[in-house]
There are 2 protein chains.
Amino acid sequence: MPRIVTIRTVAERAGCSIATVSRVINRSAPTSAAVDARVRAAVAELGFRPSEIGRALKTLRTRTLGVVIPSLTNPVFAASVAGMQSAARERQHTLLLTATDYEPGAEAELVETLVAQNVAGLILTVADAAENATLDLLDAEDIPYVLVHNEPPHPGRAAVCVDNAAATFALTETMIAAGHRRIAYLAGRFATSDRARRRHEGYRAAMEKAGLEPEVPLELDYLGDAPSHAEALAGLFRAGAPPTAALCSNDLLALSVVGALRTLGFRVPDDVSVAGFDGIALGGAVHPTLATVDTPTRLMGERAVALLFAMINEGAAPRVEHLPFTLRPGGTLAPTARADQPASQGDRITSSPP
Amino acid sequence: MPRIVTIRTVAERAGCSIATVSRVINRSAPTSAAVDARVRAAVAELGFRPSEIGRALKTLRTRTLGVVIPSLTNPVFAASVAGMQSAARERQHTLLLTATDYEPGAEAELVETLVAQNVAGLILTVADAAENATLDLLDAEDIPYVLVHNEPPHPGRAAVCVDNAAATFALTETMIAAGHRRIAYLAGRFATSDRARRRHEGYRAAMEKAGLEPEVPLELDYLGDAPSHAEALAGLFRAGAPPTAALCSNDLLALSVVGALRTLGFRVPDDVSVAGFDGIALGGAVHPTLATVDTPTRLMGERAVALLFAMINEGAAPRVEHLPFTLRPGGTLAPTARADQPASQGDRITSSPP
DNA sequence: CCAGTCCGTGAAATCGTTTTCAGGACCTTA
DNA sequence: TAAGGTCCTGAAAACGATTTCACGGACTGG
């Protein structure tokens, strides 16, 4: 039977009223030095810790942030949650974490659960930020929230993200500059998510600007087993004039694609160049290192918490915060034999800071 | 201003008392069909959702599980948390997630925070399960908890884990059977954690059983940058009679080591074989695939939740649940030239189920 | 020296539920 | 018809904190 020591116990021990104990603990009103000392002593002796529940019931606000993400298994989301957790901890808050596991309809249910817990605010990564009944509900009930990874077209929705279209545009241009003409576009299971669409748009725009034909995106199961990927890629890369490069919509997929291509007997990057998106840590640990767009995922989580607190405490208006991305060169991306100009390994193209 | 519709609003709308509303919602007592229908209608119309806080204050128990892990950045922990989340969701519970970020002393503080939130129970991965004041405190206050990844020597502490020593023992024996005689032991920053110790014990035991000299463990920064790893490994592998294999205490480290060895000009596995521990998904996606001990991390999270609920609801006694591991062969581990017997790629040695 | 402030404190209301207790309506049985 | 059960239902008391209100005592200033 936990919680036998309540504020009342402390009050008795210190010889004062519970109101005074509350005041001492929260410094919510001045108290005399004598009573202050007695209360603190009692708190220490009894090991008293005020119940967050009692507190929350009165104030109708917990020190808790609700989080909804698709899955923890993707290091991208894991990293943003890590950032949120650390930023929340700095502010004496904890995270109520839920994941949809890509189950449609789960978003609404999870948000409801979190709202029932009186969270101070929400941080979400949703499938589609444009048309989303759940977000409409939050807007209507005036519950503060911030999106992460999503790029809401709807202004008035707070979000922290990178410019996915610009990033893929830049990455694609780099590949084109390295001499690639046929660049396959391989998409993960996010094909329906808003950010996946934005990424694809960037690719298309860059190809068209260069007067090249954008390829039809090939959808692959995100981190499906390598054999299945090899099979799916065989048709494309064993055709007459195969692509010399593959742009993958995320890093997990890219790593798997590198493995699959090798299984098929292609050398990376000699026969086929590969690039990913996200900048997960592992991409730099494998050999050859993965060329990718480095996005500050952990920082995104931190910034999301900061923005959420600004909205809650200072009534800041919701805004979209674009974080800078970096093109990270890597061993998997090399110039073609007939490259117009060799890509310098040292170059790092960074988006202009917001 | 959220939460304007309380149980009282519903009662008014349905024309009954709040007690009856509560009874209908929780089916805690029989109610007439008429009133039942009216209440349900009112609930639906008003979009009422009972406040978990009000409920918790009365029952002194939330539908929340507290989680403490070292870091979300390690996919091993991310995977177990994913398992916990899914198992908790099945039981209408949510996760209050915290991470120590390897900061000493954070464990105690985080547990205190979680207890103040009246969590129904706790799931922890701690640095040392043997001597741990925080766990003693939980024992004393009779707050149910389950350890994950830890192997508590202290009986009476609930835990879900694999037999780390047996697993490393088996892995080391496999490497020895492949002909390796000098097998380096590379440890991550977990060097001080109890499971890292158990893993090292298994390695030592296998080496000694085979009449071989165990190497002094080389400590590397877990996922430090590849160059620093290359530097650290240079001395060991460029010596007179270098090891022909490296056993790494976890997969992230192993992947990085593979990269570092290649940077140094070694071929993997031709010159040096490498094996890891954990069985993270990415190990199977890279090329060559990583030889490792596959541990059911996600399942561990699920089982931990199941065990915790058994303890909470059925008063089950705390117990240690050992989950089976699997030796996963991979391209990074090959026989030496003078191997006693070639390792068959198809073999999978599995620990006996518990 | 008195009136007016200010400061520290306690009593009590409140937050949204669950749960106990008691009572009224209805039915059964003698 | 009266006695005794069942069933439902409502009033009210918790749960553990915060916060408003009022009050007594000690200042301050004229």
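Fair warning: this is a prediction, and the values are worked out from it, not measured in the lab. Reminder, nothing fancy here: chain letters follow the sequence lines and each chain counts from 1.
Taking 4.0 angstrom as the limit, B/Thr6 places none of its side-chain polar atoms (N or O) nearer than this to OP1 or OP2 of C/dG16. The side chain of B/Ser32 contributes an N or O atom lying less than 4.0 Å from OP1 or OP2 of D/dT9. Between D/dG16 and A/Ser51, no contact under 4.0 Å exists linking OP1 or OP2 to a side-chain N or O. Within the structure, every side-chain polar atom (N or O) of A/Thr59 is placed at least 4.0 Å from both OP1 and OP2 of D/dT18. OP1 or OP2 of D/dT18 lies within a sub-4.0 Å distance of a side-chain N or O belonging to A/Ser22.
Ionic pairing of B/Glu151 and B/Arg195 is not present here: no N-O contact between side-chain nitrogen and carboxylate oxygen is shorter than 4.0 angstrom.
Here the nucleotide nearest the side chain of B/Asn26, chosen from D/dG16, C/dT18, C/dG10, is C/dT18. Counting only heavy atoms from C-beta on, A/Ala19 has its side chain closest to D/dT19 among D/dG16, C/dT17, D/dT19.
Using a 4.5 Å cut-off on side-chain heavy atoms (C-beta onward), A/Val67 and A/Ile69 make contact.
Across the protein-nucleic acid pair, B/Ile18 atom CD1 and C/dT19 atom P stand 13 Å apart, rounded to whole Å. In this structure, A/Arg23 places its CZ atom 20 Å from P of D/dG16, rounding to the nearest Å. Look at CG on B/Leu60: it is 13 Å from P on C/dT18, rounded to the nearest Å. One can place CZ of B/Arg55 at 18 Å from P of D/dG16, the figure rounded to the nearest angstrom. A straight line from NZ of A/Lys58 to P of C/dA12 spans 16 Å, rounded to a whole angstrom. Atom CG in B/Leu57 sits roughly 12 Å away from atom P in D/dT18 (whole-Å rounding). Taking atom CZ of B/Arg61 as the reference point, atom P of D/dG16 lies 16 Å away to the nearest angstrom. Taking atom CZ of A/Arg27 as the reference point, atom P of C/dG8 lies 14 Å away to the nearest angstrom.
No option in B/Asp128, B/Leu135, B/Leu124, B/Val126 other than B/Val126 meets the side-chain contact (heavy atoms from CB on, under 4.5 Å) test with B/Glu107. Of the residues A/Thr113, A/Thr125, A/Leu114, the one that meets the side-chain contact (heavy atoms from CB on, under 4.5 Å) test with A/Val68 is A/Leu114.
The closest donor-acceptor contact from the side chain of B/Asn132 to the backbone of B/Thr134 lies under 3.5 Å.
Using a 4.0 Å heavy-atom distance criterion, A/Ile53 is classed as making no nucleic acid contact.
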